Every structure is written in structure tokens, then in C-alpha cells.
Amino acid sequence: MLDQKLIRENPTLVEKNLSLRGKVYKISLINELTVKKKEFDIEISNLQSESKKLSKLIGQKISKSQYNNDEDLNKLKQKGNEYKIKISEFEEKQKILEKQIHDEISNLPNFPSEDAPLGKDERNNLQIKKWGDPLLTENLKSHWEIGENLNLFDSTKSARISKSRFITLIGNGARLERALINFMLDMHIKNGYIELMPPALVNSESLKGSGQLPKFSNESFKCNNDDLWLSPTAEVPLTAFHKNEIVDPNQLPIKYVAYSPCFRREAGSYGRDTKGLIRLHQFNKVELYWFCEPSKSLEAHKQITSDAESILKKLNLPYRLVDICTGDLGFSSSRTYDLEVWMPSSKCYREISSCSNCQDFQARRSSIRTKIDKKNVYLHTLNGSGLAIGRTMAAILENGQQIDGSVKIPDALVPYFGSNFLKTA
RNA sequence: GGAGAGGUGGCUGAGUGGUUGAAAGCGGCUCCCUGCUAAGGAGUUACAGGAGGUAACUUUUGUCGAGGGUUCGAAUCCCUCCCUCUCCGCCA
């Protein structure tokens, strides 16, 4: 959520900032509504003040004169009743306006950072660096071929259980998934993160708080009989964990790491990545999340990104770091670094982590603040995958594949997986 | 899911329609006193939002789990929901 005061006081700037996303956002309606609402606010406040005084007066009269049925008193009560009616009339109008304003503002995305590369879509994203040597051998197998050969997972049977884009991991596949989760969690905990294991089902409030609702209701699975959704990312419960709190500044920065299953409808991605582990309705992810003081978020963004990178390095997976351009930024993010891992079979880099600085956007939506110089200020929040487990497994399979069909397990993972190679059972 | 109890300020805990944002205690803060037992005394101390002022501040509204309702007036009465505790049932 953007700062309503800023929208009101500097609409041109707001529109200009938003336009960096490559779309036009009109905020004049919001300001018109706000002006109208302000009038009601003041009116209501005055009436309430009067009415309150009157009630006190009545109370005094009654306590002094014992009896309460004289004409004077009735007149006063009558007047109070008039106040009441007027107030409720104004309040009704005020509420309608308030809801309209809130709806409009909730649909505005965050400002892109001034430092983000300008651009319309992902073609304008900026590669910042590359790490490792991409494997360029011809005729390498795809991870789903390897998975099938080594009997690591089965998508046909999973479609029978659920539908397409679901996976069942089998034997060493499941073992590798677990190993990755534990490995990543341990690494991050060692780096000062506190582990949380949050609920997988979250309510609408939580989704609004991190920016998935109201705009993207199509992208999450909704439970039929309850106000609960399957969480698309741990970012949602992690943000909501401190909802409506004023956090003790001494606790900052708060750094959480959470493993969670993630559920996404992937509406509109028909035909894309239909095979393998890349795009599933359900996948596992280890998520990094920071709450920090506003002045610290730039630094924190670098740190969270490098914490995510450290996993790729430990796993010896070639990757590159991409600075997402203004037009390609997610709804809540002001700046995003994507980590893309090398996938040799398709000879391209694929997103495996997305590290975003949401500044105060989510904190304002979720009302998460701290005290700085006796003032309540919204915190900044940052999130980053550290990493997406399924995609990590895909990368390990493809990058570690050997001529004999086996797969080399990265050294750092061996203690977790329990073996140096993945072979046919 | 059934039956009962309850949710009040940083904490403990009073308060069943009226000048109550809320007694008391603890804690916190300020000052004073005293070299003696982790002592005593005085004062002060909720939070959030809006408006105004560079600011100390002023003013106003809201807040006793949440949302509605009754009333001139609600922590207090009524309704719905949420949560906590105890007992029963079910259950990984």
C-alpha cells in the first residue's frame, strides 16, 4: 500500500513513479474521494464532540436532580437523538467513500526504486554478474529424463492423484528433496536466521497484507468453506506473523527462514514448462524474510540476496544475478534481484530465487511498525527464496549428470543426502 | 463438535448504564531524603489516528478481544464472530 498522504499531497510524483512500470495509473479519483471523505471526517468529529458534551450534561443533571422525567431533560435527550441521526447519516456516506478509496489504493502497486533499470518487460532486465562455468556439452539430458531414468518422480501418476502440474517424488527423489530443505535451513540458521514453520493455509487478510489480494485472487487456491487459501509462498504467513505490531527496535533486524510448501494456480501459463519440476501447482521452498528499519533496507537487500546466492555457490551451480527492470517488477516490490540457475539441457538460465525489497509497502498494508525517535514508522520488509527446492533439484540433476547416467551430488549436500552419486536403484 | 468459565492499560487486578480512559497494586520515569539492611518520601506514567504548529505543544476522535445493536450516554445490556482455559467426544 502506498502512503495515502503522499498520494494526496503529491499526485504528480506518485503517477510518475508508478508510470515507470510501463502502465498508466490514474489516482485523481482517489484524491477526489479523499477530499469528499475529509469533509465528512471533520463534520462527524464535530458532531461527536457536541453529542458527547451533551451526554455528559444530561448525566450531570440526572445525578443532581434525582428524577429524570422533567421536560428539560426530554428536550436534551431529543437533541441528542438528532445528533445521533445526523452522525449515522454522515457515517454511512463516509464508510462508502472509505471503502472505495481503500479498494483503489489496494490495487496500486509499489513504486519501483529509482535504482532499478528502466524497462518494459523481462527483455530489459539487467544481468549484473555471472558465477560459475555453464555446462555447454551438447545432447545433455533434461532433468525430467534423468528423473524418469533414475525413478526419482512420477508426473503421470501424480496427475491421476490430483491433476497435471503435480509431482510425486519417489525414493531418492524424495530423499534429495528433504536433503535440500535441511541443507538450506541449516545454512541460513548458521547465518543468523530464525526458523519458522508457518501454516500452509492463510486467511484473506494475510494475503492482502503481503499484496496477493485483492488483485491476484486468480493465482491462489481458495478453500471452499472457509476464509482460507493455500499459501502461494511463505512470504504471506511471514509478513502476517507481525501484523498489527509495533516491533521493539532493539529486535531489528528480524531475520526469518521458513520452509513451506507453496501452492499456485499458474493461471495463464498453459503449455509452458509442462514437463519436469519447473512449474508445479505445489512446490517446496525455503524462504528468507527480513523486517528492518527503513534506513537499512538497501543494505539488507544486498545481504538477503547474497545469503540466497551462498546456497548456489555451496551447491556449485552456475548462476547469474539479474536486476529486474521497472516494468517486470512484482506488485509489492520496489527492487528485485533474481538469481537464475544454469539449465544445461535447455542452455538457458532459469529463475531459482527472487529477492525483493518491498520497502514499507507490505508493512503499511499489514500495519507493522517500530519506534524511531518516539515516532511510529513502518518497517521495511524483504523476501527472497533461498531457494526454490524443486528447481534446485532440477538444476542438480542436469548439471551433475554423468556419462553413465548417474548424477553427482554436490559435496556440500553429501552429508545430508548420504551418498556421492544418484544411481539407478 | 458438546457443556461451562473467561478475554480490561507494560503486568496483576477492580469495575453490571452517567462528569470512567478506567480504582488499587506492581513495574517505569522524575525529583527529594538517607552512607546501612535489593530502604523511605513526593510527583508522574495508556495507546492509536486526524487537524493545527519548525518544534516543545495544542486540539479532537477512537480504543476495556473483533464487529454490529439498544440508549441522549456502554467496559457495563443484547446479537454475531474470534481467541484462551476446564471437562466430554473425536483425532495425527
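In what follows, every chain begins at residue 1, and chains take the letters A, B, ... in the order their sequences are listed. Treat the numbers as computed from the prediction; the structure is a model and nothing was measured.
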In whole angstrom, give me the gap between the C1' atoms of B/rG4 and B/rA42. 48 Å
Interatomic distance where CD belongs to A/E9 and C1' belongs to B/rG50 [whole Å]: 13 Å
Take atom NZ of A/K37 and atom C1' of B/rG50, then tell me their distance rounded to the nearest Å. 9 Å
Which letter, B, S or -, goes with each nucleotide of nucleotides 53-64 of chain B from 5' to 3', with contact meaning a protein heavy atom under 4.0 Å? -------SSS--
Distance check, C1' atoms only: B/rA24 and B/rG9, in whole angstrom units. 13 Å
Once you round it to whole Å, what is the distance between P of B/rA66 and CG of A/N244? 11 Å
Mind checking A/K86 for me? I need base, sugar-phosphate or nothing, with any heavy atom below 4.0 Å counting as a touch. nothing
Pairwise P distance, B/rG89 and B/rG2 [rounded to whole Å]: 16 Å
Same-atom distance (P) from B/rA46 to B/rC81, integer angstrom: 36 Å
Taking atom NZ as the centre, does A/K314 end up with more than 12 heavy-atom neighbours from other residues, nucleotides or ligands that are less than 6.0 angstrom away? no
Looking only at atom C1', what distance separates B/rG6 and B/rA66, rounded to whole Å? 16 Å
Once side chain to side chain contact (heavy atoms under 4.5 Å, CB included) is applied, do any residues pair with A/P198, and if so which ones, sequence neighbours excluded? A/P237, A/A258
5'-most contact on RNA chain B (nearest-nucleotide basis), A/K95 vs A/K5, goes to A/K5
Looking at A/K95, I want to see if its NZ is surrounded by more than 12 non-hydrogen atoms of other residues, nucleotides or ligands under 6.0 Å. no
Separation of A/E92 atom CD from B/rG69 atom P, in whole Å? 10 Å
OP1 or OP2 of B/rG49 less than 4.0 angstrom from a side-chain nitrogen or oxygen of A/K38, does that happen here? no
For the aromatic rings, using the six-membered ring if either is Trp, is the centroid distance between A/Y256 and A/F241 under 6.0 Å? yes
At 4.0 Å (heavy atoms only), tell me whether A/D41 reaches a base, stays on the sugar-phosphate, or touches nothing. nothing
Would you write out the dot-bracket form of RNA chain B, 5' to 3', with Watson-Crick and G-U pairs under 3.5 Å, [ ] for crossing pairs, | for pairs to other strands and . for unpaired bases? ((((((((.[[[..)..(.....]]]((((((.......))))))(((((((....))))))).[[[[[..)....]]]]])))))))....
Separation of B/rU71 P from A/L76 CG (nearest whole Å): 18 Å
Check the surroundings of atom NZ in A/K86: do more than 12 heavy atoms from other residues, nucleotides or ligands lie under 6.0 Å from it? no
For residues 253-278 of chain A, which residue pairs qualify under salt bridge (Lys or Arg N to Asp or Glu O under 4.0 Å), counting only residues two or more places apart or in two chains? A/E266-A/R279, A/D273-A/R279, A/D273-A/R350
Does anything in residues 1-28 of chain A pair up under salt bridge (Lys or Arg N to Asp or Glu O under 4.0 Å), and if so which pairs, sequence neighbours excluded? none
Look at A/K190 together with A/D186 and state whether they make a salt bridge at an N to O cut-off of under 4.0 Å. no
Separation of B/rA66 P from A/N203 CG (nearest whole Å): 17 Å
In whole angstrom, give the distance that lies between atom NZ of A/K243 and atom C1' of B/rC83. 16 Å
What distance, rounded to whole Å, do you find between the two P atoms, one in B/rA22 and one in B/rA74? 16 Å
OP1 or OP2 of B/rU71 under 4.0 Å from side-chain N/O of A/K84: yes
Using a heavy-atom cut-off of 4.0 Å across all strands, would you classify A/I58 as base, sugar-phosphate, or nothing? base
Could you tell me how far B/rU16 sits from B/rG1 if I compare only their P atoms? Round to whole Å. 33 Å
Can a side chain N or O of A/R8 be found less than 4.0 Å away from OP1 or OP2 on B/rG50? no
Kindly state each residue pair satisfying salt bridge (Lys or Arg N to Asp or Glu O under 4.0 Å) with at least one member in residues 141-154 of chain A, sequence neighbours excluded. none
Of the listed B/rU71, B/rG21, B/rG49, the closest approach to the A/K56 side chain comes from B/rG21
Tell me whether A/K208 is salt-bridged to A/E205, with the criterion being a basic N under 4.0 Å from an acidic carboxylate O. yes
I'd like the C1' distance from B/rC83 over to B/rC72, given in whole Å. 34 Å
Smallest separation among heavy atoms of A/S334 and A/A116, with atom names: O-CB, 4.4 Å
Which part of the nucleic acid does A/K79 contact within heavy-atom distance under 4.0 Å: base, sugar-phosphate only, or nothing? nothing
Is the shortest side-chain N/O distance from A/N376 to OP1 or OP2 of B/rA48 below 4.0 Å? yes
Distance in angstrom units between A/D227 CG and B/rC83 C1', rounded: 16 Å
